Amino acid sequence: MMNAAPSLLNLSGLSAMERKLCLKVNRSSGESMKRALSKASIFDNSRRIASTGQNLLLPILVEPPISLQAELADIGLFEVLDSDLPKPRPSRPTLRRLLDGEVPLGLISLIPKSFDVLGDLVLLEPVSDSLLPYINSIGNALLKLNKSAHTVLLKTGKVDGIFRVPSYTFVAGVDKRKTTSTEYGVRLNIDVSKVYYSPRLGCERNRVASLVGDGETVVDMFAGVGPFSILIARRRMAKVYSIDINPDAVALLRENISMNKLRGEVVPILGNAAAVSNTIAGVADRVIMNLPKSSLDFFDAALRVLKSSGGIVHLYVFSGGDPVQGAAKLLEHRAKPPGVSCTVERTKVVKEVAPHEYMVALDLKIAKN
Ligand SMILES: C[S@@+](CC[C@H](N)C(=O)[O-])C[C@H]1O[C@@H](n2cnc3c(N)ncnc32)[C@H](O)[C@@H]1O
C-alpha cells in the first residue's frame, strides 16, 4: 500500500547510496515522477528502473527532501524503499573515457563520438588536426572498444574520382584494407582502398530490395561490389544486370556473387553504364542509379534499358537547402526527355553528406508514350 508521505525504512546508519534507495510509484505516473526526480538531481542514472506489476521502482540517490515530497505527492502516490533493485547498470567504457589522461583535456571534446565498423575494420571520419598527434592512442582505444575489430583506418580525403573511392591512412592494429562485411544476410568482400562502399546505405538498399518482385529484371547501373544487386537476387527470383566501370569493384562483385546463395541471378558487367545501356536496351522493369554526384547525366541511359512499357527508376542525387524540393527541381530541369512521363512516387532523404547537403532518393514511375 503506497502512502502520499514516504515511509523511510531501515535507517541503519548506512548512507543513502549504500542503502540503494528507490521510489515505488504507479506505472502511470512514472514518467512525471522521473522528470521531477531528475529536475531535483536525485534520480540515480547509474541504476536501472525496475518494474513490479503495476509499479515502477525509480532509483534515487537520496531521500527526497520535504519540499520535493509535496511536489511528488501532487503527481501521485509514492513510497521510498530500501531495495536491492534496480541492479547497477554495467558501465560501458566510452571512447572518450578510455582516452582520459592520454589526450589533453581541452581536446577530449574533439574526439569523434561515432565511427563506422565494416567487417573487422573501424573507419574514422577525418579528425581535427590538433588530434593527429594522439591518433594512435585513439586507434588503440577503438580496438579495445570493438573486440572483433583488427584494424583502424582514418579517412584522409573525400570520396573522389570516377570510382568514388575515399582515401584512408592506417592508424592501429593490422595494416590491411580488405574485409568481409555482412549486410541483411549478404556477405560482401570489400577493399576500402579500391572500391566505394558505405555501410550507412544498408537501410536504403533493404528498402529498394523489398520493392522488387519475383520475375523482375533489374539494372543496377553503378553496382560497386554488388550490395543492391546481391540482396535483390538473394531474396527474389530476379535477374540483375550489375554494371560498374571500376575493374576492382567488378572483381569483388564476382567474388561476392559466388559467396552468397542466390535465388535469382546477378550478371556482372565491367563497363561504362552509358555504353552498356545500348547492349541491354529494353530489358528492365527497374533501374537503380546510385551515383548521386552525376546520376542525372545517365538518365537517358536508364530510360534506354527500361522496357518499352516503362518501369521504376530509383534515382539518387545530392541536394542542398530543402532536400526534397531541391531534388524535385533538379529532376524537373535536368531530365525532361520527350515522349516519356515521369511521376515521383516517393522522395526520401537517405543521409546528410555535409552541412545542409543531403543524399536524396527519388522513386520514379516512368511511362514511355
Ligand atoms: C556511389 S558508388 C555506389 C556503389 C554501390 N551501388 C553501393 O551501394 O555501394 C558508385 C559506383 O559507380 C561506379 N561508376 C562511376 N561511373 C560509372 C559509369 N559511368 N558506369 C558504370 N559505373 C560507374 C563507381 O565505380 C562506383 O563503384
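Please read all numbers here as calculations on a predicted model, not as lab measurements. Sequential numbering from 1 along the given sequence is applied to the chain's residues. The analysis underlying the following values was restricted to heavy atoms, covering all of them including side chains, and did not include hydrogens, waters or symmetry mates. All ligand and atom numbering here is 1-based and tracks the order in the structure.
- Classification of Glu204 and Lys348 as a salt-bridged pair holds, one side-chain N sitting under 4.0 Å from a carboxylate O.
- Residues Ile162, Phe163, Ile245 make up the rest of the hydrophobic cluster containing Val165, defined by ILVMFWY side-chain heavy atoms closer than 4.5 Å, directly or through other members.
- Among residues at least two apart or in separate chains, salt bridge (Lys or Arg N to Asp or Glu O under 4.0 Å) pairs with a member in residues 359-369 are Arg207-Asp363.
- In this structure, the ring pair (Phe, Tyr, Trp, His ring centres under 6.0 Å) partners of Phe222, at least two apart in sequence or on a different chain, are Phe298.
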One line per pair, note the atom names and distance for all nitrogen or oxygen contacts under 3.5 Å between ligand 1 and the protein.
{"unit_1": "ligand 1", "atom_1": "6 (N)", "unit_2": "Phe222", "atom_2": "O", "d": "2.8"}
{"unit_1": "ligand 1", "atom_1": "6 (N)", "unit_2": "Asn290", "atom_2": "ND2", "d": "3.2"}
{"unit_1": "ligand 1", "atom_1": "8 (O)", "unit_2": "Arg205", "atom_2": "NH1", "d": "2.7"}
{"unit_1": "ligand 1", "atom_1": "8 (O)", "unit_2": "Asn290", "atom_2": "ND2", "d": "2.9"}
{"unit_1": "ligand 1", "atom_1": "9 (O)", "unit_2": "Arg205", "atom_2": "NH1", "d": "3.4"}
{"unit_1": "ligand 1", "atom_1": "19 (N)", "unit_2": "Asn272", "atom_2": "OD1", "d": "3.1"}
{"unit_1": "ligand 1", "atom_1": "20 (N)", "unit_2": "Ala273", "atom_2": "N", "d": "2.9"}
{"unit_1": "ligand 1", "atom_1": "22 (N)", "unit_2": "Ile245", "atom_2": "N", "d": "3.2"}
{"unit_1": "ligand 1", "atom_1": "25 (O)", "unit_2": "Asp244", "atom_2": "OD1", "d": "2.7"}
{"unit_1": "ligand 1", "atom_1": "27 (O)", "unit_2": "Asp244", "atom_2": "OD1", "d": "3.4"}
{"unit_1": "ligand 1", "atom_1": "27 (O)", "unit_2": "Asp244", "atom_2": "OD2", "d": "2.7"}

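- Salt-bridge formation is detected for the pair Arg47/Asp44: a Lys NZ or Arg NE/NH1/NH2 atom is positioned less than 4.0 Å from an Asp or Glu carboxylate oxygen.
- The shortest distance between side-chain heavy atoms of Glu265 and Val240 does not fall below 4.5 Å.
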